[in-house]
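For reference, the structure discussed in these notes is given below.
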Amino acid sequence: MDFRGILDRLRATGAPGLLGHDLPRAADPKDKKDKGRGGDPFVWVEPARLPAFLERCRDDERLRFELLIDLTAVDPSKDDPNLWVVVSLLSLAHRHRLTVKCALPKDAASLPSSVPVYRAAQWHERECGEMYGITFAGHPDPRHILLPEDWVGAPLRKDYVFPDEYHGISCK
Amino acid sequence: MGLLERQFEENVLTTRVDWLLNWCRLSSIWPMTFGLACCAIEMMAVGCAHHDIDRFGAGAFRASPRQADLMIVAGTVNFKMAERIKRLYDQMPAPKYVIAMGACATGGGPYYKYGYTVVKGVDRVVPVDVYVAGCPPRPEALLEGLMKLQEKIQRSSVLRRPARTA
Amino acid sequence: MAEPQTLPQSAPGEREFMLDVRTQDMEVNMGPQHPATHGVMRILVRADGEVCTGAQPHLGYLHRCAEKIGENVEWLQYLPYTDRYDYLAAMNNNLGYSMAVEKLMGIEIPRRALMIRTICAELNRIGSHLIAFGTYGLDIGAFTPFLYMFREREWMMALFEKICGARLTYSYIRIGGVFNDAPPGWLSEVERFCDTFEQKWQEYVDLLMVNHIFVQRTANIGVISKEMALDFGLTGPMLRASGVDWDLRRDMPYELYAEIWKDGVFSIPLGRGERGTLGDCWDRSYVRVMEMVESIKIVRWCLGAITPGPVIADIPKTLRVPAGEAYVGIENPRGELGHYVVSDGGKVAIRCRVRGPSFTNLAVLEELMPGALLADAVAIIGSTDIVVGETDR
């Protein structure tokens with residue numbers, strides 16, 4: 001199925017938390033500042049209902065996204081008040097992909113964990129959590145994964161300040 | 001070798017204690033199996049048939065630091081690993097030597113500027129004897145590093161304690 | 001055929017005895033400096049006598065901030081960093097990143113460049129599997145096959161050196177094509193390599209794959225069922241060894257693979273549980289070994305079909321990538337290597353996410369280890385074929 005078909009199916013089955021979608025488009029010739037958007041289409045989903053949405057994607061017979069390929073986040077810019085959590089799904093049976101996005105406010109970055117739906121999300125959520133300072137409520141093992149346990153700050157946020165020293169080793 | 005030369009039968013050699021001890025040390029440097037990153041693959045290539053580090057007596061890779069003389073830091077060191085490297089170095093018996101293999105171990109390499117967890121050179125954690133340039137260095141470069149280390153060992157003396165291993 | 005190895009519960013009387021004995025759980029720390037963890041991974045194994053009761057992988061001993069760097073350096077400058085996360089298959093990483101950027105830019109790649117890209121990616125797949133298989137033998141006690149496999153790998157690395165000047169970190173596949181054309185005589189040397197490799201490959205099978213001790217150590221160990229593989233999001237040989245017929249080269253073809261598949265050049269080897277249970281360590285090795293021959297077939301097809309022409313599209317020195325976001329997944333030797341890039345139209349990416357297959361594949365370890373014997377822990381870890389540079393990035 002292509003993206004249109006997936007979207008129609010999601011709408012027809014009333015997928016929980018579906019907010020909207022975003023398609024690549026050409027630049028508007030009248031507006032000089034508008035450069036258009038390339039790449040992949042995606043759907044916007046309400047963060048609080050992300051696990052339910054993923055469960056629907058996994059269990060629906062026409063969608064059947066068996067694999068959670070990736071779960072990550074994006075900090076669009078310093079001035080943006082939101083972070084995006086981006087989930088990539090893959091269906092082996094129907095050979096299609098879907099990108100799911102949630103917008104989270106930076107000062108209260110929290111959403112329910114998707115581990116009960118896909119266990120593949122476990123490590124991705126740990127990484128995403130430490131890199132962006134996002135809390136995944138209900139995660140079974142919310143420790144740091146790549147960074148040391150006592151690391152301060154969320155390195156992949158755009159306003160991250162590089163440390164001067166760590167345990168007596170200078171970083172300059 | 002001075003006055004004693006040719007004073008004994010033919011199967012007796014005379015030499016300095018320094019030379020003998022250094023010769024023993026440099027001819028059987030046992031490195032620790034300690035691959036960190038990309039450079040470790042080249043270190044494995046050095047150990048295999050094509051380049052064969054055994055020709056220099058340094059082919060017996062030991063898994064335990066307590067049996068090793070040489071630590072080849074092959075790859076990027078980050079803060080989480082730095083503490084372990086320090087501990088491993090402390091566990092090695094003296095005399096012990098360190099080769100910093102590649103740009104990352106030498107000074108942070110390509111990760112110098114934006115690598116927030118990368119230690120900018122393993123010499124901030126343990127003393128280094130030989131730096132090998134390259135990203136990753138060719139096996140030949142590592143072999144030259146080893147030969148440089150052997151030259152360095154040849155110059156050391158038993159009477160003076162080597163300052164580095166204190 | 002190997003006997004299925006189960007936990008100690010043989011005679012009834014003995015079993016009662018076993019229940020009676022109270023043993024303490026012991027925590028065994030494996031790594032980060034351990035010869036069998038393929039780099040610097042640390043696994044905390046909880047053991048009750050000889051039986052593992054739990055395992056907790058600790059990662060991050062090689063975290064090199066690749067994703068942060070991707071947000072700070074220009075598009076082309078990031079290419080050398082892609083070499084360094086999966087350093088055993090650097091060509092494939094270059095390819096994945098280039099394809100993601102090309103998707104945003106909408107560049108048409110010259111056909112000769114596509115051919116050379118495919119040859120390099122497949123040769124690198126062979127090289128990666130050689131290391132995976134060789135070090136796996138090393139892990140479970142067979143030193144000699146490792147030396148044999150490095151012999152062929154040295155030749156393969158010499159081939160790469162001739163085409164791009166580097167042995168390990170190539171940065172050869174660029175955005176828009178490849179860096180330069182193959183030097184004269186290179187293609188015929190690749191052909192000679194293919195001829196020799198096919199003979200040598202039989203040696204590996206005889207030496208290790210069907211070796212009785214190897215089979216004993218790997219068959220029925222670390223069984224991953226189909227459902228478990230899907231739940232954990234495994235990809236690549238790990239998934240195929242569990243009997244799931246999925247290969248991105250066939251099922252979501254990119255570059256030339258649709259054409260190659262249509263010509264019936266290669267097939268997808270699957271685990272069949274030939275020596276033990278479907279999805280055990282032996283099956284995973286089997287899939288990798290068989291894939292090497294398939295890669296040789298693809299290389300041969302390219303060698304036959306390659307025509308002269310330009311090797312790189314016309315792209316500016318400083319790239320400005322149109323705004324948007326793209327996800328491209330390619331079949332790395334370890335599984336699906338995904339690059340998710342987000343651009344706002346500037347010289348630098350907003351986000352440069354790398355979805356490393358080893359990272360996801362490793363997560364299954366927590367589930368596999370409980371119940372295995374302590375001696376089999378190494379066999380299980382080795383069979384996941386991880387590259388720590390990629391799990392930690």
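All values reported here derive from a predicted model rather than from experimental measurement. So you know, we letter chains A, B, ... as the sequences are listed, proteins then strands, and number each from 1.
Heavy-atom pairs under 4.5 Å with chain C were tallied for B:His51, B:Met81, B:Lys113; the largest tally goes to B:Met81. Chosen from B:Thr117, B:Val77, B:Asn78, B:Thr76, the residue pairing most often with chain C at heavy-atom distances under 4.5 Å is B:Asn78. Interface remark: of the candidates C:Leu168, C:Asp392, C:Leu147, C:Leu168 forms the most heavy-atom pairs closer than 4.5 Å to chain B.
In this structure, the portions of C:Arg64 lying under 4.5 Å from any heavy atom of chain B include both its backbone and its side chain. With a 4.5 angstrom heavy-atom cutoff, B:Ala40 does not touch chain C via any of its atoms. For C:Glu161, the part lying under 4.5 angstrom from a heavy atom of chain B is the side chain only. Proximity to chain C (any heavy atom under 4.5 Å) is shown, for B:Met44, by both the backbone and the side chain. Only the side chain of B:Leu88 comes within contact range of chain C, with heavy atoms under 4.5 Å apart. For C:Leu59, the part lying near chain B is the backbone, with the side chain staying farther off; criterion is any non-hydrogen pair under 4.5 Å.
You'll find the side chain of B:Pro110 reaches within 4.5 Å of the side chain of C:Tyr81, heavy atoms only. Within the 4.5 Å cutoff, the side chain of C:Arg84 has no heavy atoms near those of the B:Cys104 side chain. Side-chain contact between B:His50 and C:Arg153 is absent, with no heavy atoms from C-beta onward closer than 4.5 Å.
The one candidate from B:Tyr111, B:Phe79, B:Tyr116 that meets the ring pair (Phe, Tyr, Trp, His ring centres under 6.0 Å) condition with C:His63 is B:Tyr116.
The shortest non-hydrogen separation linking B:Cys48 to C:Phe150 is SG-CG, 3.5 Å. Heavy atoms only, all atoms of each residue included: B:Lys80 and C:Gly60 are closest at CD-O, 3.6 Å. Nearest heavy-atom pair across C:Thr169 and B:Cys135 is OG1-O, 3.2 Å. Contact between B:Gly35 and C:Val40 at its shortest, heavy atoms only, is O-CG1, 3.8 Å. Heavy-atom minimum distance, C:Ile131 versus B:Ile41: CD1-CG2, 3.9 Å.
For B:Arg66, the CZ atom sits in a loose shell: 12 or fewer heavy atoms of surrounding residues, nucleotides or ligands are nearer than 6.0 Å. Atom OH of C:Tyr148 is surrounded by 12 or fewer heavy atoms from other residues, nucleotides or ligands within 6.0 Å.
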